[in-house]
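Following: one structure in structure tokens, then a few remarks.
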Amino acid sequence: MSPYRPSEIEPKWQQKWSDARVAEIDVAAPGDKLYMLNMFPYPSGDLHVGHGRNYILGDALYRYFRMQGRAALNPMGWDAFGLPAENAAIKRGIHPRQWTMSNIVREKKQFQRWGILYDWSKEIASCHPGYYKWNQWLFLKLYERGLAYRGTAPVNWCPEDKTVLANEQVVDGKCERCGAVVEQKELAQWFLKITDYADRLDAGLDKLENWPDKVKTMQRNWIGRSVGCDIEFEVPTLGRSIRVFTTRPDTIYGATFMVVAPEHPIVADLIADHPDRAGLEAWINGVRNQSSLERQEAGKEGRFTGKHARNPFTNELIPIWLGNFVLMQYGTGAIMAVPAHDQRDFEFARQYGLPMRIVITKGGELPDVSAMTEAYTVKDESAVAVDSDIITGLAAPKAIDRICGEVEKRRIGKRMIRYRLRDWLISRQRYWGTPIPMIYCDRCGLVPVPEKDLPVELPLDVPFTGREGNPLAKHDAFVNVKCPQCRGAARRETDTMDTFVDSSWYYARFISPRDDTKIFDTKMVNRWLPVDQYIGGIEHAILHLLYARFICRVLHDLGLTEVEEPFTRLFNQGMITKEGYRDPSQNNSWVPLNEVEMRGGKAFRGPTELVPEVGKMSKSRFNVVPPDELIERYGADTERVYTLFIAPPEKEAAWSDEGVVGAYRFLGRVWNMGEQILSSVLGPRSSDGNGAGDIERVIRKMHRTIDAVTRRFDRFEFNTAISALMELSNTIGEYMAAGGRDARLRDAFTVLLQLLHPFAPHLTEEMWAMFAKKGFILTSAWPIADESLMQEDFVTIVVQVNGKLRGQIEVPNPPEEGVVMAAVQSNEKIQTWVAGKKVVKTIYVPGKLVNVVVR
RNA sequence: GCGAAAGUGGCGGAAUUGGCAGACGCGCUGGACUUAGGAUCCAGUGGCCCAAAGCCGUGCGGGUUCGAGUCCCGCCUUUCGCACCA
């Protein structure tokens, strides 16, 4: 008998799987297709156990589906363009390509060491010209359809990364990547017209039944669909009108002033003859130069323009104000202010002493305010009621409809659906990305690169200085080209694409990854898409997942696929956190783990007690757990089992070095059990009928475990699936310890191996091989539970009266009513009361409680 | 501020439809084997109590029910998301 030595068995099986290409699949072969996909990673170098959780989870699921006989596809690739590669080039003088490629090699090795099976024949890397060529092709198609355009707009500029960013990449006014405060700049940039798809992207969410509600809510909020009405307010002294958007046109009788965004084009005219024009302009410029963050922190501020507009429903002339809380980017950049029915308008009105009017809609009574804001409930003294004329007596939905109808009849506006979503800014002033295939010609203007000239290859011979400006712009051979139309001298676009373009369609490329002639094979893509199970982090709830849904619809509209939604089922795994330490005497800087000394359960560096802090693993906090050492000592199977056992997979989980030992011990016990069973002489039928030594008990437990683990796989409850396997292993262990030697023990154990296989593939393969050597033929198919064997044959009925033990009896399962009654054996008149289908029963005797507990 | 989710031992966490609260594991305590134990195995481990019996226990306060971690009402706390979107 040899002890469990994962370091000896694991590399052997990894090599075998790799040599036999077990995960390679022919997409054209028949079968019950299942497309599994983990979000492809950015190859940043070292993967830690937190990344491991994500891929191990996917692998366990993939192996489970394989065992069930599904034709499962599980490909992997690399989201290989991006800033860190370029930063490494600037910092360390390594070319981004070289840096990226060497990281890919390392990460691929790591996947193998985790025992993860991918179909490497379909590997893709977005930085490969064979891939990004189709990025460029897709861009040209978008351009042809008017879905890619060059426009000037105030955009987000990250001063740290020296590039513009998409709105989705700005979090709380800061750069999502580096945390620098984002500035606003007016620049000409490339946009993709995602707003054209806002309605479909919003409506499509309803059909995604197997997506987490949280992600759907986040997308819905981000798209921000609002149903309302545009209404013109005439400015008599200018002979023009100002258009506003409102979702509550029924409150228009209470509109006592207007507020216009300081950036609104009409502002120049509004203040042209203002006595303090200079002062107003200074104020406007002040607001303009604020970042969105500063603007919000400043609170509500405004200035009166001196002009008035006519409320089209009350005919009253109302003052026009400028206000910092009105945003040019949303709606029309102007609002009608109804202070009695809107919180923001209320605050503004109160601050500047503007009038308030309560709109009465229901027969002289106060309106239904449930959908209105605090402003109304405050009942400001100055608020007076106003007659609501044509909507008097109507409930809000009807009143809204009536006003909209009137507005349209009078041709002063129309019903409108507006979105918060803005177009996707895809140009980046950085080198390591897909070149945008466009050419600027002085005579012909914007000229797309002809399809036959694709790919526009990224030149490799550029210097990396870190100074402002894209290094591509200094590469003369790249920049200076002939115009494809007039053959005259022209300049190439030097911006590259946002890397989220690369990842917006990669799931389709896996189906025909080497095809030079087209973006993908439509017939095969229609067979394999959508992805049945997509796995990745919640950080992509909006970014990647929204873009992918958008581009998938574009591909559909181009006639390239039949699918609209790329991912049927989505799972977001939780992060793994780990304790790190900060030194309060050193400005709370992070302390490397090798300088931390544990004394009495507390952490010290020299005499200073350190402050522990649990958080996401990152190099700067020195709390990264690298898998290498762990795998060497305990094996990949241990890491796999521990990682999935630690917590429900969607939850955040704290890494504990001690906890790993538990998983290791469990696998060690399984190993020893297998060895013992192999070397024992098992008899044909040696059930001695009771307690731990009863083989029937083991068999019943086995069937219950098959059932439990199968159900838990389908519900992503890996932690309890593993605990069920530990229970089965304990039951088998007890049977063996009690001296049981029935041959069916081997069946129970091999089922344990099968159920354990997705979690600990190396150990189980090794054991299977050992069994095979002794002549036992095993199958690697997923076992099926026999329901008739899941229940206990006999149960013990324990009768308690008022909590006191009255009697105990063993009866066949399920117990009959009469048997239960007999067990109670009391003189009292008894009513039986049976709850649900459970075998637990309570008998109620007036004044007493009789609990019949079935064990 | 608005919205959502969650509060269970020393810790991670279990508990179909209301039905033995604390599965499984870590840690801890004791023991075995050891030159040694940070390896392995065995036993114990929610709290009160020497122990038994018993009592108390799922954030807090009410309620429904024979029976509530689970359902209802009102709070408190934490986490996440949104945050001038008219």
Side-chain angles (χ1 to χ4, degrees), chain A residues 3 171-172 212-215 217-218 220-226 228-229 244-249 251 255 258-259 261 292 295-300 323-327 329-338 341-345 347-348 373-374 418-422 538 541-542 641-642 645-648 651-666 668-669 672 708 711 715 717 719-730 733 737 798 800 803-804 831-855:
Chain A
V171 178
D172 292 336
D213 289 335
K214 187 180 175 183
V215 174
T217 307
M218 283 168 77
R220 209 165 267 132
N221 289 342
W222 188 262
I223 296 166
R225 183 176 193 267
S226 294
C229 186
V244 304
F245 173 67
T246 176
T247 54
R248 293 299 303 269
T251 63
M258 282 185 85
V259 190
S292 59
R295 185 159 165 173
Q296 223 178 102
E297 279 164 2
K300 286 191 179 51
N324 65 346
F325 70 102
V326 176
L327 307 172
Q329 306 92 309
Y330 184 78
T332 59
I335 61 160
M336 64 175 205
V338 187
H341 302 284
D342 183 281
Q343 171 98 39
R344 295 151 303 182
D345 299 346
E347 284 168 20
F348 193 80
T373 55
E374 210 182 297
R418 289 190 182 269
Y419 301 89
R420 203 190 85 119
L421 184 70
R422 278 177 263 157
I538 186 76
I542 294 171
V641 169
Y642 173 67
F645 178 65
I646 183 171
K651 274 193 70 169
E652 201 172 84
W655 185 266
S656 135
D657 293 326
E658 296 84 43
V660 176
V661 180
Y664 182 62
R665 283 205 276 252
F666 164 58
R669 275 198 297 273
N672 292 337
R711 278 202 324 250
R715 279 151 42 183
E717 295 168 352
N719 55 328
T720 51
I722 291 170
S723 77
L725 294 175
M726 288 171 169
E727 283 184 52
L728 177 58
S729 128
N730 288 346
V798 178
Q800 297 168 333
K804 295 208 172 142
Q831 304 168 346
T832 50
W833 194 92
V834 181
K837 281 173 275 178
K838 277 266 166 162
V839 282
V840 175
K841 299 180 185 207
T842 300
I843 296 170
Y844 179 68
V845 182
K848 287 178 177 166
L849 285 179
V850 183
N851 281 306
V852 179
V853 183
V854 181
R855 289 199 177 125

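These values consider heavy atoms only, across backbone and side chains, with no hydrogens, waters or symmetry-generated copies.
- Here the closest non-hydrogen pair linking A/Thr332 and A/Val244 is OG1-CA, 3.3 Å.
- Under a cutoff of 6.0 Å and an axis angle of 45°, A/Lys300 and A/Phe348 do not form a cation-pi pair.
- When each of A/Ala647 and A/Gly333 is assigned the nucleotide of RNA chain B with its nearest heavy atom, A/Ala647 is the one assigned upstream, toward the 5' end.
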Pair pattern of RNA chain B in dot-bracket, where unpaired bases get dots and | marks partners in another strand, Watson-Crick or G-U under 3.5 angstrom: (((((((..(((......[....)))((((((.......))))))(((.....)))..(((((..]....))))))))))))....
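- What separates OH of A/Tyr330 from C1' of B/rA83 is a distance of 14 Å, to the nearest Å.
- Here A/Ile646 lies in heavy-atom contact (under 4.0 Å) with sugar-phosphate atoms only.
- Taking the C1' atom of each, B/rG63 and B/rC2 are spaced 29 Å apart, rounded to whole Å.
- Here the separation of B/rA21 from B/rG9, taken at their C1' atoms, is 11 Å to the nearest Å.
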What does the B/S/- profile of nucleotides 25-38 of chain B look like, 5' to 3', with a 4.0 Å heavy-atom cutoff to protein? SSS-----------
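- Rounded to the nearest Å, the gap between the P atom of B/rG46 and that of B/rG81 is 38 Å.
- The same atom, C1', is picked in B/rG59 and in B/rC55; the two are 22 Å apart, to the nearest Å.
- The phosphate of B/rA83 (OP1 or OP2) has a side-chain N or O of A/Arg420 nearer than 4.0 angstrom.
- Nearest heavy atoms, A/Val641 versus A/Ala663: CG1-CB, 3.9 Å.
- Side-chain atoms of A/Lys214 and base atoms of B/rC80 include no donor and acceptor less than 3.5 Å apart.
- Remark: P of B/rG13 and CH2 of A/Trp655 are 15 Å apart, rounded to the nearest angstrom.
- Between B/rC84, B/rC24, B/rA86, one nucleotide has an atom nearer to the side chain of A/Ser226 than all others, and that is B/rA86.
- By the 6.0 Å and 45° rule, A/Arg418 stacks over the aromatic ring of A/Phe245.
- Rounded to whole Å, the distance from CD1 on A/Ile223 to C1' on B/rC82 is 14 Å.
- When the P atom of B/rG22 is taken as reference, atom CD of A/Glu727 falls 13 Å away, rounded to whole Å.
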Give the C-alpha distance, both sets of side-chain angles, the deciding distance and a yes or no for side chain to side chain contact (heavy atoms under 4.5 Å, CB included) between A/Lys214 and A/Ile538. CA-CA 9 Å; A/Lys214 187 180 175 183; A/Ile538 186 76; 4.3 Å; yes
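- A gap of 32 Å separates the C1' atoms of B/rG62 and B/rG10, to the nearest Å.
- Closest approach of A/Asp345 and A/Met336 over heavy atoms only: OD2-O, 3.8 Å.
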Applying side chain to side chain contact (heavy atoms under 4.5 Å, CB included) to A/Phe666 and A/Ser723, what does each step give before you reach the verdict? CA-CA 10 Å; A/Phe666 164 58; A/Ser723 77; over 6 Å; no
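- The nearest whole Å value for the distance from the CE atom in A/Met218 to the P atom in B/rG81 is 7 Å.
- Using a 4.0 Å cut-off, some side-chain N or O of A/Lys651 falls inside it from OP1 or OP2 of B/rG13.
- The residue A/Gly299 sits close to a base: some heavy atom pair falls under 4.0 Å.
- At a threshold of 4.5 Å between non-hydrogen side-chain atoms, the residues A/Tyr419 and A/Trp222 do not count as touching.
- Separating the P atom of B/rG67 from that of B/rC56 is a span of 15 Å, rounded to the nearest Å.
- Across A/Ala337 and A/Val259, no two heavy atoms sit closer than the pair CB-CG2, 4.3 Å.
- Looking at heavy-atom distances under 4.0 Å, A/Val338 makes no contact with the nucleic acid at all.
- In this structure, A/Asn221 places its CG atom 17 Å from P of B/rC80, rounding to the nearest Å.
- A/Asn719 has no side-chain polar atom (N or O) that falls below the 4.0 Å cut-off from OP1 or OP2 of B/rG12.
- Comparing B/rU70 with B/rU79, their P atoms are spaced 24 Å from each other, to the whole Å.
- The C1' atoms of B/rC76 and B/rA23 are separated by 30 Å, rounded to the nearest whole Å.
- Between A/Ala654 and A/Ile646 the shortest heavy-atom distance is O-CD1, 3.3 Å.
- A pairwise comparison of heavy atoms in A/Arg669 and A/Asn730 identifies NE-OD1, 4.4 Å as the closest pair.
- Counting only heavy atoms from C-beta on, A/Arg711 has its side chain closest to B/rU16 among B/rU16, B/rA86, B/rA23.
- Spacing between atom CD of A/Glu652 and atom P of B/rC11 amounts to 17 Å, rounded to whole angstrom units.
- Annotated as syn: B/rG9, whose glycosidic dihedral is within 90° of 0.
- A search for ring-ring contact (aromatic ring centres under 6.0 Å, His included) contacts involving A/Phe645 returns nothing, not counting sequence neighbours.
- Note: CG (A/Asn324) to P (B/rA86) measures 17 Å, nearest angstrom.
- Between A/Trp222 and A/Pro648, it is A/Pro648 whose nearest contact on RNA chain B lies nearer the 5' terminus.
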